[in-house]
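Notes follow the structure.
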Amino acid sequence: MSSIATPSPAYRHPPGTLHTILLAGTVPLFLGAFLSDIAYYQSYQIQWSNFASWLIAGAELFCGLALLCALLNLIRARQKGGQPLMYFLLLLATFVLGLVNAFQHAKDAWAVMPAGLVLSGIVFLLSCLATWVGLSGRAGGVK
């Protein structure tokens, strides 16, 4: 006799619509900042550095609000470890490194490179990973 065990979901409530929008909004903003840093590295037009700074500020706003939602989901989760904790820690690392990146971009335009470019790339990859982990528990389709 075989029995099939289905694991209980890690979240009592998967990320809601607002949480999903906030989380998914961080990826294109951090991507835009990374691409702006690449453009600045190749052309040294100061406006690209300014544009990256504004995109990072917007991404930090979205990431901070998504981090707040992730903290609330972590508190409400049945299991405090596993996916909810991993998601929260990835989003926290994204937020902290994004803040360091914002401080790096607050310097004089010539002082931004190459650390700003490297930080933007790392933060973009972290935001992609955090979004993937955070939205993997969300069920799609019609309910």
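Residues: numbered from 1 along the sequence shown. Being a predicted model, the structure only gives us computed values, none of them experimental.
C63 contributes atom SG, which lies 11.5 Å from atom CG of L68 (distance to the nearest 0.5 angstrom).
Taking both residues in full, the closest heavy atoms of Y87 and A70 are given as CE2-CB, 3.4 Å, listed atom of the first, atom of the second, then distance. The two residues P28 and G25 come nearest to each other via the heavy atoms CD-O, 3.5 Å. Here the closest non-hydrogen pair linking A33 and L55 is N-CD1, 3.5 Å. Taking both residues in full, the closest heavy atoms of W48 and S43 are given as CD1-OG, 3.5 Å, listed atom of the first, atom of the second, then distance.
Taking the side chain as every heavy atom from C-beta outward, L126 and L97 approach each other to under 4.5 Å. Contact of the L23 side chain with the L91 side chain is registered, since non-hydrogen atoms from C-beta on lie closer than 4.5 Å. Side-chain contact between F88 and L67 is present, with at least one heavy-atom pair separated by less than 4.5 Å. Within the 4.5 Å cutoff, no side-chain heavy atoms of H105 are placed close to those of L119. A heavy-atom distance below 4.5 Å is found between the side chains of I56 and S120.
Side-chain rings of W110 and Y44 approach one another, their centers coming within less than 6.0 Å.
At distances below 3.5 Å, at least one donor-acceptor pair connects side-chain atoms of S127 with backbone N or O atoms of F124. Between the side chain of Q104 and the backbone N or O of A111, at least one donor-acceptor pair lies under 3.5 Å.
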Please lay out, stage by stage, how N101 and F30 fare under the test side-chain contact (heavy atoms from CB on, under 4.5 Å). CA-CA 10 Å; N101 193 18; F30 279 130; 5.6 Å; no

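Considering only residues two or more places apart in sequence or on other chains, I38 meets the side-chain contact (heavy atoms from CB on, under 4.5 Å) condition with F34, L35, Q42, L117.
Heavy-atom neighbours of M113 CE from other residues, nucleotides or ligands within 6.0 Å: above the threshold of 12.
Cluster annotation: F103 and Y40 are assigned to distinct hydrophobic clusters (Ile/Leu/Val/Met/Phe/Trp/Tyr, side-chain heavy-atom contacts under 4.5 Å, transitive).
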